[in-house]
Each structure stands twice: as C-alpha cells, then as structure tokens.
Amino acid sequence: MKKKKINWANIAYKTLMSFIGVAILSMGTTFLRGGLDPFTAMNTGISNKLGIGLGDFHFYFVAGP
C-alpha cells in the first residue's frame, strides 16, 4: 500500500480559512447583538420586548424552572 504525501500548504490554507470564518461569525454576533442561530435571535428579541435579560427569559420560558 502506497503512503500518501501530506500537503502541508493545503492544511495551512484550510486552517487559516477556518480561523477567518470564525472571526467573521464572531464579529457578526458582536455587532448585531444576536445569536448565530434563528432560535437565539428570536429569544433575544422577545426578551428585549419583555424588558428582561436573555438569561432570565431562557431560564423561565425555554428551560423551565
């Protein structure tokens, strides 16, 4: 069985692109003050309308006491 040669340039490129993608997602979350998924964005909006914190809303209405 022939051993495959590792392409280190390709691995470095994919790693760099992964870090850039995570940075873009993090900046979007920070600037828009929302979540990365629609459910968290909905919970953030509802908690703002009710005038309570996201953690309190999640505890009382989503997770349940």
Side-chain angles (χ1 to χ4, degrees):
M1 185 173 219
K2 192 173 185 181
K3 198 171 189 180
K4 258 188 159 180
K5 187 176 179 186
I6 297 175
N7 187 352
W8 291 106
N10 190 20
I11 292 173
Y13 175 74
K14 288 181 179 182
T15 303
L16 177 66
M17 289 297 118
S18 294
F19 281 124
I20 290 172
V22 169
I24 290 170
L25 287 172
S26 299
M27 286 190 303
T29 301
T30 301
F31 293 139
L32 299 177
R33 295 189 43 102
L36 294 178
D37 59 318
F39 187 72
T40 304
M42 178 190 69
N43 288 343
T44 303
I46 293 173
S47 68
N48 285 340
K49 287 288 186 188
L50 295 176
I52 61 176
L54 178 61
D56 293 332
F57 174 78
H58 186 75
F59 178 74
Y60 290 118
F61 296 106
V62 178

| task | I would like to know whether Lys49 and Ile46 meet side chain to side chain contact (heavy atoms under 4.5 Å, CB included); could you show each step before the answer? | result | CA-CA 5 Å; Lys49 287 288 186 188; Ile46 293 173; 5.7 Å; no
| task | Go through the steps for Phe61 and Ile52 under the test side chain to side chain contact (heavy atoms under 4.5 Å, CB included), then give the verdict. | result | CA-CA 12 Å; Phe61 296 106; Ile52 61 176; 4.1 Å; yes
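Atom CD1 of Ile11 and atom CG of Leu16 lie 14.0 Å apart (nearest 0.5 Å). Note: Lys14 NZ to Phe19 CZ = 15.0 Å, rounded to the nearest 0.5 Å. Note that the CZ atom of Phe57 and the CG atom of Leu50 stand 6.5 Å from one another [nearest 0.5 Å]. Once rounded to the nearest 0.5 Å, the distance linking OG1 of Thr40 with NE2 of His58 reads 8.5 Å.
Cluster membership check: Val22 does not share its hydrophobic cluster with Tyr13, using side-chain heavy-atom separations under 4.5 Å among Ile, Leu, Val, Met, Phe, Trp and Tyr. Criterion: ILVMFWY side-chain heavy atoms under 4.5 Å apart, direct or through other members. Under it, Phe39 and Phe59 are part of a common hydrophobic cluster.
When all heavy atoms of Ser47 and Gly53 are compared, the closest pair comes out as CB-O, 3.9 Å.
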